[in-house]
A.B. asks: 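Structure below; questions to follow.
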Amino acid sequence: MAGNSTLLAAVLCASVSCSSFTLQAKTDFNVVGREMAGMLQNSHYARIQFNAELSEKILEDYLSDLDPARLYFTQQDITAFEKKYGRRLHELLIKGRCMEPANEIYKVYSQRVKERVQFAKNLLETAHFKFSSDEVVMRTRKDADWPASSQAAEEAWKLQIEEALLSEILRREAVKRLAEEQGKKNPLDGDKDPAEKIAQRYERFQLSIESADEEDVANYFLSAVAAAHDPHTDYMSSREMERFRSGMANSLVGIGALL
């Protein structure tokens, strides 16, 4: 545990150094990845070897972080990533080229998000859901198979959209019923149509994905590198570090103590 804490502190310090460096020049996250790889090899208590097996774990964690519900990537995408990078990510890290796979994979992810959100919006505009089938929606898909194709992904999305729409309708009915029981005005009067509301959520998510910069992508990827060594070891970008420091400054905790 002590080794873990030491490494985490070192990675945090590296993030702070990167933050200072950006005041004068753009941070090279390939260099950050190379330095982090060196710290993990030499300072982490687990002494995990940088080899093909570790590369496979890094790729698995990166893909899971981007698409935990396995609704965007297809098995075809995963197979292509594994073939190209599955056994050589550790080499690219050490050589200072880690952003090549990180950016390429994220670009595909962003494209899949765009495709799925457009599909969802079209479905919400044209489909007439009756909510009368006996179909079942998986509450968590972290252990589900990746969709075999885009068509299979869309089939999974139909169920997800139907469930989201039904949940929104039931939520509104519950709010309306409660307002009537209390003799109050329904706070949702004048709100957007349920289908529009769901479409808006997807649009906001797509915007957040497309607005990510290289620091965000590096944060996803290097966090996966750290997690591949140990679930309690993490990487913080300079942006995250600033949020962490702000959150810890003069913050009240549960017992009323000031940190």
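Atom set for the values below is all heavy atoms of this structure, side chains included, hydrogens, waters and symmetry mates excluded. For the single chain, residues carry numbers from 1 onward in sequence order.
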A.B. asks: The criterion is salt bridge (Lys or Arg N to Asp or Glu O under 4.0 Å); which residues satisfy it with Asp191, sequence neighbours excluded?
C.D. replies: Arg172, Lys197
A.B. asks: Working to the nearest 0.5 Å, report the span between CD of Gln76 and CD1 of Ile78.
C.D. replies: 11.0 Å
A.B. asks: How close do Gly33 and Leu222 get, heavy atom to heavy atom, and via which atoms?
C.D. replies: CA-CD2, 3.9 Å
A.B. asks: Tyr235 and His229: aromatic ring centres closer than 6.0 Å?
C.D. replies: no
A.B. asks: Taking Asp61 first and then Lys57, would you say they form a salt bridge - that is, a charged N and a carboxylate O separated by under 4.0 Å?
C.D. replies: yes
A.B. asks: If I take atom CD from residue Glu100 and atom NZ from residue Lys95, how far apart are they, to the nearest 0.5 angstrom?
C.D. replies: 10.0 Å
A.B. asks: Begin with the C-alpha distance, continue with both residues' side-chain angles, and end with the deciding distance and a verdict on side chain to side chain contact (heavy atoms under 4.5 Å, CB included) for Leu54 and Ile58.
C.D. replies: CA-CA 6 Å; Leu54 179 63; Ile58 293 171; 4.0 Å; yes
A.B. asks: Go through the steps for Cys98 and Phe29 under the test side chain to side chain contact (heavy atoms under 4.5 Å, CB included), then give the verdict.
C.D. replies: CA-CA 8 Å; Cys98 68; Phe29 288 100; 5.7 Å; no
A.B. asks: Salt bridge check: are Lys158 and Glu155 linked by an N-O gap of less than 4.0 Å?
C.D. replies: yes
A.B. asks: Looking at every heavy atom in both Ala37 and Leu93, which two are closest together, and how far apart are they?
C.D. replies: CB-CB, 4.3 Å
A.B. asks: Which residues pass the side-chain contact (heavy atoms from CB on, under 4.5 Å) test with Ala52, not counting sequence neighbours?
C.D. replies: Arg87
A.B. asks: Is it true that a side-chain atom of Arg70 and a backbone atom of Arg141 form a donor plus acceptor pair closer than 3.5 Å?
C.D. replies: no
A.B. asks: Glu210 vs Lys114, test: side chain to side chain contact (heavy atoms under 4.5 Å, CB included). Steps then yes/no.
C.D. replies: CA-CA 9 Å; Glu210 292 179 343; Lys114 181 178 180 180; 4.2 Å; yes
A.B. asks: I'd like to know if the side chain of Arg116 reaches the main chain of Tyr72, judged simply by a donor and an acceptor atom lying under 3.5 Å from each other, with no hydrogens or angles considered.
C.D. replies: yes
A.B. asks: Could you go through Arg88 and Arg97, starting from their C-alpha distance and side-chain angles, then the distance that decides it, and tell me whether this counts as side chain to side chain contact (heavy atoms under 4.5 Å, CB included)?
C.D. replies: CA-CA 11 Å; Arg88 55 189 291 260; Arg97 294 170 54 193; 4.2 Å; yes
A.B. asks: Determine whether more than 12 heavy atoms belonging to other residues, nucleotides or ligands lie under 6.0 Å from atom CD of Gln151.
C.D. replies: no
A.B. asks: Give me the atom names and distance for the closest heavy-atom approach of Asn30 to Gly96.
C.D. replies: CB-O, 2.9 Å
A.B. asks: Taking side-chain contact (heavy atoms from CB on, under 4.5 Å) as the definition, give me every residue that meets it alongside Asp193, ordered by chain and number, with sequence neighbours left out.
C.D. replies: Ala195, Glu196
A.B. asks: Group every Ile, Leu, Val, Met, Phe, Trp and Tyr by side-chain heavy-atom contacts under 4.5 Å, then state whether Tyr220 and Phe205 land in the same group.
C.D. replies: yes
A.B. asks: Working to the nearest 0.5 Å, report the span between CD of Glu154 and OG of Ser149.
C.D. replies: 8.5 Å
A.B. asks: In terms of heavy-atom contacts, does CD of Glu53 have more than 12 from other residues, nucleotides or ligands at under 6.0 Å?
C.D. replies: no
A.B. asks: Does a salt bridge link Glu180 with Arg177, judged by any charged N lying under 4.0 Å from a carboxylate O?
C.D. replies: no
A.B. asks: Partners of Thr79 by side-chain contact (heavy atoms from CB on, under 4.5 Å), sequence neighbours excluded?
C.D. replies: Gln75
A.B. asks: State, yes or no, whether a side-chain contact exists between Thr27 and Glu215 at a heavy-atom distance under 4.5 Å.
C.D. replies: no
A.B. asks: Ignoring hydrogens and geometry beyond distance, is a side-chain donor-acceptor pair present between Thr74 and Asp77 at under 3.5 Å?
C.D. replies: yes
A.B. asks: Output yes when Arg201 and Glu168 qualify as a salt bridge under the 4.0 Å nitrogen-oxygen rule, no when they do not.
C.D. replies: yes
A.B. asks: Which atom names give the shortest non-hydrogen contact between His90 and Ser55, and what distance separates them?
C.D. replies: ND1-OG, 2.6 Å
A.B. asks: Linking I/L/V/M/F/W/Y whenever their side-chain heavy atoms sit closer than 4.5 Å, directly or via other members, would Val31 and Met36 fall into one cluster?
C.D. replies: no
A.B. asks: So if you build clusters from Ile, Leu, Val, Met, Phe, Trp, Tyr with side-chain heavy-atom gaps below 4.5 Å, do Phe131 and Ile198 land together?
C.D. replies: yes
A.B. asks: About how many Å separate CD of Glu214 and CZ of Phe221, when rounded to the nearest 0.5 Å?
C.D. replies: 12.5 Å
A.B. asks: Can you tell me how far CD of Glu56 sits from CG of Asn51, rounded to the nearest 0.5 angstrom?
C.D. replies: 9.0 Å
A.B. asks: Can you confirm if the aromatic rings of Tyr62 and Phe81 lie within a centre distance of less than 6.0 Å?
C.D. replies: no
A.B. asks: Sequence neighbours left out, cut at 3.5 Å: what donor-acceptor pairs do the side chains of residues 101-109 make with other protein atoms?
C.D. replies:
{"residue": "Asn103", "atom": "ND2", "partner": "Met99", "partner atom": "O", "Å": "3.0"}
{"residue": "Glu104", "atom": "OE1", "partner": "Lys84", "partner atom": "NZ", "Å": "3.0"}
{"residue": "Glu104", "atom": "OE1", "partner": "Tyr85", "partner atom": "OH", "Å": "2.6"}
{"residue": "Glu104", "atom": "OE2", "partner": "Lys84", "partner atom": "NZ", "Å": "3.3"}
{"residue": "Tyr106", "atom": "OH", "partner": "Ile209", "partner atom": "O", "Å": "2.9"}
{"residue": "Tyr109", "atom": "OH", "partner": "Leu66", "partner atom": "O", "Å": "2.9"}

A.B. asks: Consider only side-chain N and O atoms of Glu60 and Ser64, and report whether a donor and an acceptor are under 3.5 Å apart.
C.D. replies: no
A.B. asks: Roughly how far apart are Leu207 CG and Glu203 CD, rounded to 0.5 Å?
C.D. replies: 9.5 Å
A.B. asks: Return the set of residues passing side-chain contact (heavy atoms from CB on, under 4.5 Å) with Ala120 (not counting sequence neighbours), or none when no residue passes.
C.D. replies: Trp157, Ile161, Tyr202
A.B. asks: Side chains of Ile94 and Arg34: does their closest heavy-atom pair fall under 4.5 Å?
C.D. replies: no
A.B. asks: Does any donor atom in the side chain of Asn122 or Gln118 lie under 3.5 Å from an acceptor atom in the other side chain?
C.D. replies: yes
